Amino acid sequence: MARFLAGRCAILLATLLAASVLVFLVLQVLPGDPASIMLGTSARPDTLAAMHHQLGLDRPLWQRYPLWIAALLRGDFGVSYTYSVPVADLLRARIAISLPLALLAMALSVALAIPLGVFAAARRGHLSDTLVMGVAQLGVSVPNFWLGLLLVLLFSVKLGWLPAGGFAGPRSLLLPAVALALPQAAILARVTRSSVLETLGEDFVRTARAKGLSRAAALWRHAVPNALIPVITIMGLQFSFLLAGTIIIENVFNLPGLGRLIFQAIAQRDLIVVQDLVVLLAGSVIVVNFLVDLAYAALDPRLARA
Amino acid sequence: MARPIHAVSLWLGAAISGAMLAIALLSLVWTPYPPTAIDIVHRLALPSARHWLGTDPIGRDIASMLMAGARNSLLVALIALAVGAGLGVPLGALAAARRGWVDELVMRGSDLAFAFPALLTAVMIAALAGPGAGNAMLAIGLFAAPVFARLTRGAALGVWPRDFVLAARTAGRGNTTITLLHVLPNIAGVLIVQATIQFALAILAEAGLSYVGLGTQPPQPSWGRMLADAQTYIFTAPRLAIFPGLAISLTVLGLNLLGDGLRDLLDPRLRRAR
């Protein structure tokens, strides 16, 4: 187990390093001078040079990368080229919206998908199974931002129950979270169903039935816990879709989260914000999948030994 | 064992996908109106015999825009798929054939690529070169590549120990020849199923990127862009938000059904679990 853990940690660090180098290289070969964007085209050459020095742009690339990473690790994300405030402050305010949104969507999707998937598997071949899987098939096909628009049409335009956009407290997160959660839940329900069906055919479930356990007890105590192991992997993979979805859905509902920030930053060529955000988001995908790997090994010790 | 439900999904999926392809091809030679023609006098017209699905806020014919949008959507998704499969399949096949450090490198590289959802790659390319359809194709393709690499590697590893590969090797064939003549034909079924699913995902991703302005640019009609425009009119003309969304969902549904049907047809091992 210790060897497995050490190996995984080494891969985690190497992947994070490679991702940050990649983002840095891609965004630093960019044409366009941040200093002249900040100061405007009429800036005098000596002011430009002073700004270059202040931003560290007068140093060679190989010196700028370690400086940037060292600062990131200290929590110093640099200063936004357009807002002239620390990027960390911009991020803090936005994460306070994006993170609860993503977590709420994830929780909703799991709460919906796992019971439905287990139910469909237990009722395999019945009308209720066909119905649940039919709805799931539809759910997988609907883009989340269109679902968001439909929810706005129904609950804001027609019924007037919930706000159509903007952020005015946790109520504003409800519709976007549902729009994000439903398509995810559809995928997860399908995975859960086939995984439960697979474990139901295993010997240990037959043994549980043979020693006198009821069908329901064999299902919930023996089949489901084992069936959830692959489901966790899919949840890890879904995290990157969830991130992208959150960024897009924030546009549908005009939520001032990371998604809005990223598009403003592109429009204004605020490269340091783009660079920090992309590294932060890609880094969180890497870390989540690392944690999924660990959870997987903890739940299925055969993997760590192999 | 006959599974009628999967035959239904195969044929229904093939019919929907075929219809969408036909509409996209038809739009090359004919649309009811030119899809970018502005007609302010007849703006926001309701569906009628003249304009089947009505017109948008600047009087463009919605049916014509949807037809041109189908072409755009399928083209972007197809090229993205070609990028993804074109990078992923050879790398996966190479990893399976060579094993060792090559295998490790390809797999770690695909871990890295997984960390960049199409949206993040598109954000970086847009910051670099401005948004556009090419941006979307590349970003979606780069995200699909590791999926193909892993799938190809996994399936190919199952073929390499087989007797006919050993026979080919004793006949003096090299890795490349064996991969092309024996390994790839044996895993083609799995790859075709995955390609169908990735095609559906690419349609969704293209719509999302166009919606946030990182994909296809106006005046080229695209479904995602139409939804973004419709949002401004959600209180006055909510119907504008319906048709493009239906077009996206129907196309994706068709491809998903086709993929499910093909999986049943081409990959009999999975039948037991489904």
Side-chain angles (χ1 to χ4, degrees), chain A residues 11 14-16 18-19 22-23 26-27 29-32 130 137-138 140-147 149-150 152-153 156-158 164 183 193-195 197-198 201 237 240-241 243-245 247-248 251-252 259 262-263 265-267 269-271 274-275 277-278 281-286 289, chain B residues 5 9 108-109 111-131 143 147 197 200-201 203-205 207-209 211-214 223-224 227-228 230-231 234-235 238-239 241-242 244-246 248-257 260 270 272-274:
Chain A
I11 291 173
T15 317
L16 285 174
L22 196 70
V23 172
V26 167
L27 289 171
V29 293
L30 190 82
T130 315
Q137 181 71 269
L138 283 180
V140 174
S141 311
V142 172
N144 51 25
F145 58 95
W146 185 51
L147 192 59
L149 282 176
L150 292 181
V152 167
L153 267 179
S156 312
V157 179
K158 289 260 185 278
R193 176 181 176 274
S194 52
S195 178
L197 281 181
E198 208 150 316
L237 291 178
S240 73
F241 287 98
L243 266 187
I247 286 171
I248 291 179
N251 271 284
V252 179
I262 221 170
F263 291 113
I266 294 175
R269 294 227 140 186
D270 200 342
L271 294 184
V274 174
Q275 189 174 317
L277 263 173
V278 171
L281 295 175
S284 67
V285 174
I286 294 171
N289 281 300
Chain B
I5 187 128
S9 101
R108 295 290 82 84
D111 281 349
L112 181 62
F114 259 137
F116 292 89
L119 187 82
L120 283 193
T121 313
V123 160
M124 284 200 290
I125 306 176
L128 204 70
F143 190 61
V147 179
I197 294 164
L201 285 177
I203 300 264
L204 278 178
L209 290 178
Y211 171 77
V212 292
L214 292 179
W223 294 338
L227 281 176
Q231 206 177 340
I234 193 117
F235 286 96
R239 67 175 180 284
I242 302 295
L246 276 180
I248 300 167
S249 305
L250 194 63
T251 311
V252 174
L253 179 68
L255 287 166
N256 278 337
L257 287 174
D260 276 5
L270 287 168
R272 187 176 59 90
R274 293 176 61 86

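Given the structure is predicted, the values throughout are model-derived calculations rather than measurements. Letters A, B, ... are given to chains in the order of the sequence lines, protein chains preceding strands, and every chain is numbered from 1.
You'll find the side chain of A:Ser240 stays beyond 4.5 Å of the side chain of B:Phe114, heavy atoms only. A:Leu150 has its side chain within reach of B:Ile242: a pair of non-hydrogen atoms, C-beta onward, lies under 4.5 Å apart. Between B:Phe116 and A:Val285 there is no side-chain heavy-atom pair separated by less than 4.5 Å. Proximity of A:Phe263 to B:Leu214: side-chain heavy atoms (C-beta onward) are separated by under 4.5 Å at one or more points.
For the atom pair A:Leu277 CG and B:Leu120 CG, the distance stands at 9.0 Å (nearest 0.5 Å). The line from CG of A:Leu149 to CD of B:Gln231 is 5.0 Å long, rounded to the nearest 0.5 Å. Distance check, rounded to the nearest 0.5 Å: OG1 of A:Thr15 to CZ of B:Arg108 gives 7.0 Å. Here CG of A:Asn251 is found 6.0 Å from OH of B:Tyr211. Values are rounded to the nearest 0.5 Å. To the nearest 0.5 Å, the span separating CD1 on B:Ile234 from CG on A:Leu153 amounts to 4.0 Å. Within the model, atoms CD1 of A:Ile262 and CG of B:Leu119 stand 6.5 Å from one another, a figure rounded to the nearest 0.5 Å.
For chain B, the nearby part of A:Val274 is the side chain; its heavy atoms alone come within less than 4.5 Å. Contact annotation for A:Leu147: neither backbone nor side-chain heavy atoms come within less than 4.5 Å of a heavy atom of chain B. A:Leu22 touches chain B through its side chain: at least one heavy atom from C-beta onward sits under 4.5 Å away, while N, CA, C and O do not. Residue contact with chain B, scored on non-hydrogen atoms closer than 4.5 Å, involves the backbone and the side chain of A:Leu281 alike. Looking at B:Ala207, the atoms closer than 4.5 Å to chain A (heavy atoms on both sides) sit in the backbone and in the side chain alike. Neither the backbone nor the side chain of B:Ile125 comes within contact range of chain A; no heavy atoms are under 4.5 Å apart. Looking at A:Ala164, only its side chain comes within 4.5 Å of chain B, counting heavy atoms on both sides.
Every pair tested for salt bridge (Lys or Arg N to Asp or Glu O under 4.0 Å) that includes a residue from residues 118-127 of chain B fails, sequence neighbours excluded, so the list is empty.
For the residue pair A:Gln137 and B:Asp260, a side-chain donor N or O sits within less than 3.5 Å of a side-chain acceptor on the partner.
Note: A:Phe241 and B:Phe143 have perpendicular aromatic rings, judged against thresholds of 30 and 60 degrees for the angle between ring planes.
Between chain B and the options A:Ser156, A:Ala18, A:Pro143, heavy-atom pairs under 4.5 Å are most frequent for A:Pro143. Heavy-atom pairs under 4.5 Å with chain B were tallied for A:Val252, A:Leu16, A:Leu237; the largest tally goes to A:Val252.
Shortest non-hydrogen contact noted between B:Val252 and A:Val140 is CG1-O, 4.3 Å. Between B:Asn256 and A:Ser141, the shortest heavy-atom distance links the atoms ND2-OG, 3.5 Å. Of all heavy-atom pairs spanning B:Ala115 and A:Ile286, the tightest one is CB-CG1, 3.3 Å.
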Stepwise side-chain contact (heavy atoms from CB on, under 4.5 Å) test for B:Ile248 and A:Trp146: CA-CA 9 Å; B:Ile248 300 167; A:Trp146 185 51; 5.8 Å; no
